[in-house]
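Here the structure is laid out as C-alpha cells; the discussion comes afterwards.
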Amino acid sequence: VRNGFEVHVVNKLGTRQAYELHVDAPERATVTLASPRVELDPLAQTNVVIFVTAPRSEPLGGDLVHVSVARAGAENDAIAQTVRLLGVR
C-alpha cells in the first residue's frame, strides 16, 4: 500500500538557498524521498515527491507521518507538517 505526497518548496529569500527535507514515518514503512535536498535560486520553487509504502499485511491506515523542511544549516527554523496516512479498508 502506497501513499504519495508532494511538498511545495519556495525560496522567498534574495539569495540562492539549499533546503533539506526530512520524513519520520512508522518503522514498518518504507519512505522514498525524491530529493532530500534541493537548491533554489531567489524566488524559485519546486515540488518534492514523497512515497510512504507498507506491505498489505501491515497497512498504515491512520498512522502519522511527520514532514519537515528547513534551510540547510538552520534546522531549528524548520517548517513541519503532520499527515495522516490512508489505508486499505
Side-chain angles (χ1 to χ4, degrees):
V1 178
R2 178 168 61 188
N3 284 258
F5 307 93
E6 283 190 6
V7 176
H8 186 75
V9 182
V10 180
N11 178 10
K12 295 182 179 180
L13 301 175
T15 58
R16 185 171 178 83
Q17 298 291 318
Y19 294 89
E20 296 175 346
L21 288 84
H22 181 73
V23 180
D24 289 318
E27 192 172 302
R28 66 187 184 283
T30 301
V31 175
T32 304
L33 183 57
S35 299
R37 180 182 171 104
V38 293
E39 293 192 24
L40 297 174
D41 288 328
L43 304 177
Q45 57 189 321
T46 191
N47 289 332
V48 179
V49 177
I50 300 170
F51 290 110
V52 181
T53 308
R56 273 198 186 273
S57 61
E58 299 181 63
L60 294 168
D63 287 280
L64 299 177
V65 171
H66 306 282
V67 180
S68 63
V69 180
R71 273 186 305 122
E75 290 76 18
N76 292 337
D77 291 332
I79 296 172
Q81 181 68 47
T82 300
V83 180
R84 184 171 306 278
L85 298 175
L86 301 176
V88 177
R89 295 183 191 255

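In what follows, every heavy atom counts, from backbone to side chain, and hydrogens, waters and symmetry copies are set aside.
- Note on L13 and V48: same hydrophobic cluster, where clusters join Ile, Leu, Val, Met, Phe, Trp and Tyr whose side-chain heavy atoms are under 4.5 Å apart, directly or indirectly.
- Rounding to the nearest 0.5 Å places CD of E39 at 9.5 Å from CD of E20.
- For N11 (side chain) and L40 (main-chain N/O), a donor-acceptor pair under 3.5 Å exists by modelled atom type.
- Formation of a donor-acceptor pair under 3.5 Å by the R84 side chain with backbone atoms of G62 is found in this model.
- Here CD1 of I50 is found 10.0 Å from OG1 of T32. Values are rounded to the nearest 0.5 Å.
- Not counting sequence neighbours, the partners of A29 by the side chain to side chain contact (heavy atoms under 4.5 Å, CB included) test are A25, P26, V52, L60.
- With contacts defined as side-chain heavy-atom distances shorter than 4.5 Å, the pair V83/F5 qualifies.
- Shown here are the side-chain hydrogen bond (donor to acceptor under 3.5 Å, both in side chains) partners of D41, two or more places apart in sequence or in another chain: R16.
- Considering all non-hydrogen atoms of both residues, Y19 and V10 come closest at OH-O, 4.0 Å.
- Applying the side-chain hydrogen bond (donor to acceptor under 3.5 Å, both in side chains) test to every pair with at least one member in residues 59-73, sequence neighbours left out, gives these pairs: R28-D63, H66-T82.
- Qualifying side-chain hydrogen bond (donor to acceptor under 3.5 Å, both in side chains) partners for S57, counting only residues two or more places apart in sequence or in other chains: none.
- Cluster note: F51 groups with V49 through ILVMFWY side-chain heavy atoms spaced under 4.5 Å, whether in direct contact or through intervening members.
- Atom CD1 of I79 has 12 or fewer neighbouring heavy atoms from other residues, nucleotides or ligands inside a 6.0 Å radius.
- The side-chain hydrogen bond (donor to acceptor under 3.5 Å, both in side chains) search around N47 returns E6, H8, not counting sequence neighbours.
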